[in-house]
Amino acid sequence: MTGDVWFTPFESTGKTDALHRRVSMMIHRTGFFDALSAGDRVAVKIHPGEKNNITYLRPSLVRAVVAQLLRRDASPFVTETTTLYCRERFTAEELVSTAAWNGFTTETLGCPFVVADLGTDVVVDVRGRYLDQVHIAAEVASADALVVLTHLTGHPWTAGLAGSLKQLGMGCVGRKTKADVHLSTSITINPDLCNACGKCAAVCKSKAILVGEESASLNDRCVRCGVCVGSCSQGAIGYSHDYDWFARALSEAAAGVLSLFARGRVVFVNFLTDITWHCDCEDFSDSPVFPDLGVVVSLDTVASDQASADLVNASTPLPGTRADRPEVAGSTDKIMAMTGIEWWKQLDHAESLGLGTRDYNLNTVKS
Ligand code: SF4
Ligand code: SF4
């Protein structure tokens with residue numbers, strides 16, 4: 001099986017050309033729009049960026065897709081789940097506030113911005129190697145169709161690559177499944193190094209750290225998000241991660257989400273712009289490390305991420321950036337050389353689960 005993937009370069013050749021138009025054209029060519037019926041509730045999944053991040057998906061690109069859905073008499077809503085980690089998208093109120101801060105509101109989008117996991121998760125059996133069940137965010141589960149808009153980045157902590165598969169397996173699921181996937185991570189506090197300063201407890205919104213007279217300790221509320229690690233100047237908090245586990249559990253969570261939709265009812269749009277070393281969950285601004293390459297569209301999450309990664313790996317890193325080092329720039333797998341993580345394992349496992357194929361046809365749509 002070979003996946004059909006459409007790609008358009010970022011640059012325009014004339015003043016009348018627009019990336020928005022070519023993105024809509026590519027979605028149309030997948031057949032996704034034609035499969036919609038009037039009134040279909042279409043979830044448009046985005047990552048609105050963490051507070052202080054400035055390289056996330058551009059709101060006007062989301063609005064352009066929403067406009068196309070409205071033209072077809074669908075009923076779109078833009079959506080995202082709250083986070084497992086405790087930054088500024090941890091609660092529903094914080095997520096709505098951060099999304100608005102970053103430019104995603106009902107007014108700017110032309111449709112409602114909805115917190116996906118406010119309602120009760122829908123649970124599906126997957127019987128995978130790592131997950132038995134997947135808890136899917138209520139608003140995603142109740143949609144008739146799904147548009148996954150992904151700002152593709154590196155992901156140096158866990159996945160290596162943050163693409164459409166990660167949007168499904170982490171971004172569309174409830175906290176139970178997010179936590180299950182993070183069982184791949186282990187957090188420890190070394191009492192010999194800890195001075196009981198309490199800084200870690202101050203950043204942990206899960207209230208998972210107890211600070212005693214001489215040292216801190218973890219309780220069972222810890223969801224292994226890793227946010228506290230950077231708060232400790234004593235190096236007392238240990239972090240270890242089973243990358244294989246994470247990649248495969250992530251794919252199984254994605255399988256659970258896709259099991260709710262018929263083929264052709266989910267389309268993946270990967271934006272290869274402002275490509276940073278880290279993902280949009282980071283709460284700081286940073287330089288992109290690869291040039292703006294373009295946009296990839298497919299009905300196949302595996303093919304879309306594989307094609308996107310291949311385009312990044314074939315590009316030349318931006319001068320002076322973290323990727324512009326001989327060991328990265330000279331590598332055929334720049335994403336792995338940059339993050340140190342075998343990012344392709346998530347795609348490999350997803351392919352074995354029948355979610356798509358790493359073998360694809362690339363159809364280029366020129367401006
Ligand atoms: S921040 Fe580090 S030193 Fe301070 S209480 Fe937490 S683990 Fe201990
Ligand atoms: S203690 Fe656990 S839940 Fe709290 S910030 Fe650290 S890793 Fe996250």
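Counting convention: from 1, in listed order, for ligands and their atoms alike. Throughout, numbering of the chain's residues begins at 1 and tracks the sequence.
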N-O pairing of K176 and D121 below 4.0 Å: no

Looking at F33, I'd like to know if the NZ or CZ of R72 sits under 6.0 Å from its six-membered ring centre while staying within 45 degrees of the ring's axis. yes

In this structure, does ligand 1 have an atom that sits under 4.0 Å from one of the heavy atoms of V211? no

Near C204, which atoms of ligand 2 are under 4.0 Å from a heavy atom of that residue? 1 (S), 3 (S), 4 (Fe), 5 (S)

Give me the residue, atom name and distance of the protein heavy atom closest to atom 7 (S) of ligand 1. I237 CG1, 3.7 Å

May I ask you to identify the nearest protein heavy atom to atom 8 (Fe) of ligand 2, giving residue, atom name and distance to one decimal place in Å? C225 SG, 2.4 Å

Side-chain heavy atoms of I209 within contact of R221, under 4.5 Å: no

Return the residue, atom name and 0.1 Å-rounded distance of the protein heavy atom closest to atom 5 (S) of ligand 1. G198 N, 3.3 Å

Any N/O/S atom from C232 (main chain or side chain) under 2.8 Å of atom 2 (Fe) of ligand 1? yes

Looking at D305 and R358, is any side-chain nitrogen of the basic one under 4.0 Å from a carboxylate oxygen of the acidic one? no

From atom 4 (Fe) of ligand 1, work out which of C194, P191, C200, C197 has a heavy atom at the shortest distance. C197

Closest protein heavy atom (residue, atom, distance) for atom 2 (Fe) of ligand 2: C222 SG, 2.4 Å

State yes or no: are the ring centers of F246 and H241 separated by less than 6.0 Å? yes

Would you call E252 and R129 a salt bridge, using N to O less than 4.0 angstrom? no

Tell me the contacting part of L218 for ligand 2: side chain, backbone, both, or neither, using a 4.0 Å heavy-atom threshold, strictly below. side chain

Residue-level breakdown please: for I209 versus ligand 2, do any non-hydrogen atoms fall below 4.0 Å on the side chain, on the backbone, on both, or on neither? side chain

SB check R41 E139 (cutoff 4.0 Å): yes

To which protein heavy atom is atom 6 (Fe) of ligand 2 closest, and what is the distance rounded to 0.1 Å? C228 SG, 2.3 Å

Measure from NZ or CZ of R87 to the centre of the six-membered ring of Y85, then state whether that distance is under 6.0 Å and the direction lies within 45° of the axis. yes

Just need the protein heavy atom nearest to atom 3 (S) of ligand 2, so name the residue and atom and give the distance. V223 N, 3.4 Å

Within 45° cone and under 6.0 Å: R175 NZ/CZ vs F90 ring: yes

Atoms of ligand 2 under 4.0 Å from any heavy atom of G226, numbered from 1 in the order shown, are 7 (S), 8 (Fe)

